[in-house]
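Contents: one structure, followed by commentary.
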Amino acid sequence: MPIYTRSYRSYEGEVRRRFRWWVIAVHELRILSKNKAFLGLTALAGLHFLLRVQQVVAFDTLNTPGQTSPIVTLMRQIEMFNVDPGMFFDFIRLQAPAVFLVSILAGAGMICGDFNNNLMEVYFSKPLTWRDYVTGKAMALIIAGLCFTAVPAVFLVILHLLMSPTLETFREMYWIPVSATAFSLVLVLPCALGVLASSAVSRSERYASIAIFMIVFGDLMLGQLMQELMHQRQYALIAFPLAINRIGESLFQQRFQFIPLPWHYAAVYVGAVCLGALAIVCRVVRRAEVAA
Amino acid sequence: MNPVIEAHGLSKWFGEVVAVNNLDLAVEPGVTGLLGPNGAGKSTFIKLALGLYAPSRGTLRVFGEPPRNNFNILRRIGYCPEVDKFYETMTGYEFVYWMNRFRGIRRDIASKRAEEACERVRMTDRMDDLIAEYSKGMRQRIKLAQALAADPELLFLDEPMTGLDPEGREELFALIREMGREGKTIIFSTHILYEVERATNAVVLLYNGCVLAQGDIHQIRGLIDERPHTVTVACAVPHLLARHFVNESATLGMEFDTDGPIPSFTIRTRDPNAFYQRLNEAALEDGIAIDSIQCPDDNLQAVFNYLVH
């Protein structure tokens, strides 16, 4: 008897109503994990992390009440050896180049590659929507970025708390994981969405990478130039990386170092860039879903 | 039997370009060839049926429901696109596996199905090699494997024979026919008439976005009454046999070929059924042995030419 007269065999797939994007994110992360340049960057970022681990261990080991050796006294006086909110801010801030490079490495070819290889119609002939597609791609970059920033930062906080389990340390540090996660997101989100937007409007991975590099460095230089020309440091806000750092300063309760403006100016700027990039990605992908 | 795909007044245009124009179509289970020259609207129709395009006008139902953004329908459809550039850094197996995962199939089942699909398209030996190292034919097979892997009830194959060697084509023809016999619905598009004839008699002829004809290719030919049917009869004494048809009102013309290894005559007639009946009687009357009977215009090429021109 033909199959169609019996009823078809039951579909063995999960009926996923939510988180369909997860498979796309995992798929992209697997591709990224096989990339040698990514592994090299991870090793570099890992070195930085290991140095910070040593710093935390050294600080907590030496910074005990009975220690009076000259080295300990010297270390206590050098600010950069201290384990305080500023250290966590610096740690994440210094991971920014790695996050930027990883985002480019993983994201520059994400959308234009799918366009070039006509994979859009393959994706959208499956039970996936453009929202799943965009979320999956963006989440892959966000997860990769957070693995370089928030995850090690939170690990450092936990290590510090374990090494120095006093109520005072906890009182000083309990909010750091939240701030570290928030600052990491402020750093990772624009990177991920910016690179995806560049990929969406570019024809190739190479063009997308060059475009995003030029935008970031052009913007940085413009900020510096405006600052010099106008003799006002507020103009440094134009430089996007400095705007991100300004938010980080507030999140980690640090004093002004980059831009003498309230943090919400920087937040509006970063938010606008994220929304703009997201709008570009959504527009391009949505159009692709219709005309895949 | 309910049609698997039903289109009523289906149109799709892109700006001023009309890709599909007022299609009325019903596709039943089995193998159907979607035939037409480049730009006829074959791929557009497939993409409409996959829900990738929204119809500009008219309705389209797949398994009784509109396919666009309809996950219940999409899960039952397999699609083998025309292009074969995929993730070059993946192995064939990984590609099929991840396509299964995108469908929402569980990890263990996706893996099992990917292996089965690779086996079905004879790619087991090479499934762990990178796609970048595949030949055109292997890419075609792995693309087909991803479409088959989820065991879909409805399968769209867009130009599936492209790049396949003769052996691969034979295997694919056999696979298509086998799946058709299982009761699945397979719609494959092509502009090569020979490919359709090898796989099925059920065709949809598209031209400039319109359906020229739909159904069994021989029945369609039979309905084109204004065109005479051509029959070539080979026998030792063609003149003797041909004289029986000279005075028939349905006979429009005759040609003799006595130069070939077997002499023959070709007759153009308005009534092929009456001709065949009379041919049997004449051969018996004169005791003439007929070597072969051929109908050079009872094929897809002829039908297509008649309908288009």
Side-chain angles (χ1 to χ4, degrees), chain A residues 1-36 38 109-110 112-133 136 205 286-292, chain B residues 1-2 4 14 28-30 43 46-47 50-54 63 68-90 94 98-110 112-113 143 146-147 150-153 156 158 180-185:
Chain A
M1 192 193 328
I3 289 171
Y4 58 85
T5 54
R6 294 192 297 216
S7 82
Y8 289 98
R9 86 190 210 189
S10 61
Y11 178 70
E12 291 173 86
E14 294 168 27
V15 185
R16 266 185 188 268
R17 296 201 182 278
R18 303 169 74 179
F19 304 114
R20 285 185 299 261
W21 52 265
W22 178 243
V23 180
I24 295 177
V26 173
H27 176 236
E28 291 297 341
L29 286 171
R30 277 182 68 99
I31 292 174
L32 183 62
S33 69
K34 289 180 184 172
N35 189 314
K36 285 178 186 164
F38 169 75
M110 262 186 186
C112 61
D114 286 347
F115 271 112
N116 290 340
N117 296 330
N118 285 295
L119 278 166
M120 287 298 192
E121 61 184 50
V122 177
Y123 272 113
F124 296 130
S125 64
K126 309 275 185 284
L128 293 168
T129 63
W130 66 270
R131 286 189 192 86
D132 301 324
Y133 178 85
E205 187 174 354
R286 202 170 176 189
R287 206 167 49 201
E289 186 203 37
V290 173
Chain B
M1 191 190 307
N2 289 332
V4 175
F14 303 96
E28 309 237 324
S43 294
I46 288 177
K47 285 172 186 175
L50 285 165
L52 293 172
Y53 293 155
F63 296 116
R68 192 155 169 76
N69 293 329
N70 188 336
F71 289 179
N72 290 330
I73 298 300
L74 287 178
R75 290 210 321 261
R76 298 164 70 182
I77 299 178
Y79 173 49
C80 176
E82 190 180 354
V83 289
D84 56 10
K85 281 166 73 185
F86 298 123
Y87 292 103
E88 302 289 305
T89 53
M90 274 188 182
E94 283 173 338
W98 280 106
M99 289 298 131
N100 278 346
R101 295 283 289 133
F102 289 155
R103 279 177 173 274
I105 296 177
R106 282 205 313 268
R107 225 174 279 143
D108 51 339
I109 297 172
K112 195 173 131 228
R113 292 282 186 86
K143 193 170 72 173
Q146 67 82 26
D151 198 19
E153 299 158 43
F156 288 103
D158 203 352
R181 278 195 297 272
E182 286 172 5
K184 298 193 176 189
T185 307

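Protein chains get the first letters and strands the later ones, always in sequence-line order, with residue 1 at the start of each. These numbers come from a predicted model, not from an experiment.
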ask   = What part of A:L119 is in contact with chain B, defined as an atom under 4.5 angstrom from a non-hydrogen atom: side chain, backbone, both or neither?
value = side chain
inquiry  = I need the residue from A:V26, A:N117, A:V122 with the largest number of non-hydrogen atom pairs under 4.5 Å to chain B.
reply    = A:N117
message = Could you check whether any side-chain N or O of A:N35 sits under 3.5 Å from a backbone N or O of A:L32, counting only pairs where one atom can act as donor and the other as acceptor?
response = no
key: Partners meeting ring-ring contact (aromatic ring centres under 6.0 Å, His included) with A:Y123 (sequence neighbours left out)   = A:Y133, B:F102
inquiry  = Going by the rule side-chain contact (heavy atoms from CB on, under 4.5 Å), which residues pair with B:N70 if we only count those two or more places apart in sequence or in a different chain?
reply    = B:E65, B:N72, B:I73
ask   = Taking every heavy-atom pair that is under 4.5 Å apart, which of B:L74, B:I77, B:L50, B:T89 has the most such pairs with chain A?
value = B:L74
message = Once you measure the plane-to-plane angle for B:Y53 and B:F14, does it fall in the parallel (<30°), tilted (30-60°) or perpendicular (>60°) bin?
response = perpendicular
message = For B:M99, which atoms come within 4.5 Å of any heavy atom of chain A: side chain, backbone, both, or neither?
response = both
